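As the structure is a computational prediction, the values presented were derived from the model and not from experiment.
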Amino acid sequence: MPVILDTSFPDYILAGLEEVAREQGFTEGMYRFESESGSNMGDGFVGQLVKVFIREEGRELIVLCKLLPENELRKQQGVPLFDRESEAYMEILPLLMNFQRERGIPEGLARFTNVPRCYYAKTTVDKMESVIIMEDLRLQAYRMWDKANPVDFEHARLLMYTLGRLHALSFAMKDQQPEEFAKCREFSDPMCKMLDQDMTGFEKMMAGMCRRAIDTLEKHDTFRREKMEQIKDRSVQEIIACVDGKAAEPYAIIGHGDCWSNNMMFQYQEDDKTPKTIKLIDWQLSRYGSPVLDLVYFIFNCTDEELRSHSYQQLLAIYYNSLSEHLHNLGGNVERQFPRSAFREQLKKFGRYGLVMSMMVLPIICTPNDELPDTDTAMEEFMNEMNNGNSEVGLVYGTTEKAAIRYKKRMSGNIRDAIRFGYI
């Protein structure tokens with residue numbers, strides 16, 4: 001048994017770390033584990049990170065262990081998401097990456113390699129135990145964009161290229177290896193399962209979020225206010241309709257599902273400003289659904305009205321061209337499998353998803369890390385309010401003065417653009 005320093009891990013975490021140590025060639029009985037906290041305030045909403053050093057004489061491997069929150073309520077809510085992420089890292093992503101490898105893409109052509117290395121992931125739902133062990137990207141100078149600021153064009157462009165390649169894997173494998181791809185079709189939206197547990201409470205919360213969004217519009221803006229009123233009491237139904245993979249066929253793919261700036265890390269050029277590589281992290285909401293969900297979720301949560309005014313169509317074109325090119329390299333054909341007309345139809349059908357989800361996500365994004373409420377307390381107060389039947393219930397994000405100003409500007413811009421693009 002390795003010597004444990006600084007901490008005593010529960011058995012299920014220890015079992016994972018020992019498996020990683022064995023697979024990475026550490027000598028049985030000669031290595032030890034040491035740990036320290038691995039995340040900053042505001043980095044992770046659903047779990048906690050612990051940095052672990054696997055050490056043996058003259059050798060060290062540093063890994064990040066992603067663990068469930070200690071708070072009992074948040075742990076219950078987090079288990080299905082950890083289960084989804086474990087499956088994404090251990091089964092679905094390897095399936096797609098193996099397919100890509102087998103295609104024998106010539107050297108020098110781009111591939112989808114934009115996920116961190118995952119050494120081990122296991123979730124036992126009935127015991128409420130989960131650990132995901134992966135590489136620490138910060139050691140390779142990856143870092144996050146500051147979530148409180150809208151991303152610039154270069155960061156958005158890089159993500160569009162990357163999503164094009166990710167989605168192309170599904171289009172190609174679905175066409176060429178339908179039997180092997182069948183498992184991906186079962187990867188339905190994990191959030192819907194959580195909604196089923198308390199549909200009424202979630203509907204109340206979303207109606208409150210929508211009222212708050214409407215209040216960012218000018219009083220005299222009756223046209224847009226009326227448009228928003230039409231979706232206020234069916235926001236949850238809109239989400240459920242948008243994430244239905246069957247409704248997106250024959251174009252449904254495996255998507256990341258939670259494409260906002262805290263779930264991606266960037267490596268930079270020498271100027272330290274221009275991103276050159278991106279890794280997509282936190283696959284807890286990954287799902288089989290429309291390809292446009294990832295695009296509009298990111299664009300409505302992470303860009304602002306100004307960027308969209310001159311670059312929205314360009315970003316969509318970058319995505320589509322990247323998908324087309326990678327699909328071709330994988331032996332597919334975009335005109336046959338996802339023509340531009342189908343892309344436009346998917347945007348019209350599912351584009352509103354970006355707006356509806358931004359009602360929930362933008363308040364968190366607009367709150368600076370040093371003003372974030374304690375997540376345990378916020379969630380418990382929220383659940384108590386819902387259980388007491390409070391129809392004005394909502395999470396306490398985006399309510400400080402600085403956050404409220406940011407939120408008003410970003411949210412009103414989202415509403416104007418969603419209407420301008422014909423999504424609502």
TODO: Please say which of Arg410, Lys409, Arg416 ends up in a salt bridge (Lys or Arg N to Asp or Glu O under 4.0 Å) with Glu305.
DONE: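 Answer after filtering Arg410, Lys409, Arg416: Arg416.
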
Please list every donor-acceptor pair under 3.5 Å in which a side-chain atom of residues 346-354 meets a protein atom from a residue at least two apart or in another chain.
| unit_1 | atom_1 | unit_2 | atom_2 | d |
| --- | --- | --- | --- | --- |
| Gln346 | OE1 | Ser290 | OG | 2.6 |
| Gln346 | NE2 | Ala248 | O | 3.4 |
| Lys349 | NZ | Ala247 | O | 2.8 |
| Arg352 | NE | Glu238 | OE1 | 2.2 |
| Arg352 | NH1 | Lys349 | O | 2.2 |
| Arg352 | NH2 | Glu238 | OE1 | 3.1 |
| Tyr353 | OH | Arg287 | NH2 | 2.7 |

For [X], check salt bridge (Lys or Arg N to Asp or Glu O under 4.0 Å) against everything at least two apart and list the hits.
X: Glu102; answer: none
X: Glu91; answer: Lys183
X: Arg224; answer: Asp221
X: Arg420; answer: Asp417

TODO: Using the salt bridge (charged side-chain N to carboxylate O under 4.0 Å, His left out) rule, collect all pairs that involve residues 266-280, keeping only residues at least two apart or in two chains.
DONE: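 Residue pairs with at least one partner in residues 266-280: Arg143-Asp272.
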
- [ ] Mind jotting down which residue pairs meet the salt bridge (charged side-chain N to carboxylate O under 4.0 Å, His left out) criterion with at least one end in residues 357-369? Sequence neighbours excluded, please.
- [x]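 Qualifying pairs, neighbours excluded: none.
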
TODO: Applying ring pair (Phe, Tyr, Trp, His ring centres under 6.0 Å), name anything that partners His256, two or more places apart in sequence or on another chain.
DONE: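 Trp283.
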
- [ ] Any pair with a residue in residues 90-139 that passes ring pair (Phe, Tyr, Trp, His ring centres under 6.0 Å), sequence neighbours left out, goes on the list, sorted by first then second residue, please.
- [x]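 Listed by first then second residue: nothing to list.
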
- [ ] Would you list the pairs meeting ring pair (Phe, Tyr, Trp, His ring centres under 6.0 Å) in which at least one residue belongs to residues 149-170, sequence neighbours left out?
- [x]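 Qualifying pairs, neighbours excluded: Trp145-His155, His155-Phe266, His155-Tyr268, His167-Tyr319.
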
Task: Set of residues satisfying side-chain contact (heavy atoms from CB on, under 4.5 Å) with respect to Gln140, sequence neighbours excluded - done: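 Residues passing side-chain contact (heavy atoms from CB on, under 4.5 Å) with Gln140: Glu135, Leu137, Tyr142, Gln267.
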
Open item on the list: My understanding is that only residues two or more places apart in sequence, or in another chain, count here; which of them pass side-chain contact (heavy atoms from CB on, under 4.5 Å) with Lys174?
Closed with: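 So Lys174 forms a side-chain contact (heavy atoms from CB on, under 4.5 Å) with Phe181, Arg185, Glu249, Ala252, Tyr288.
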
Open item on the list: Does Lys122 have more than 12 heavy atoms from other residues, nucleotides or ligands lying within 6.0 Å of its NZ?
Closed with: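 No, not enclosed.
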
Task: Residues Glu85 and Lys66 bridged, charged N to O under 4.0 Å - done: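 Yes, this pair counts.
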
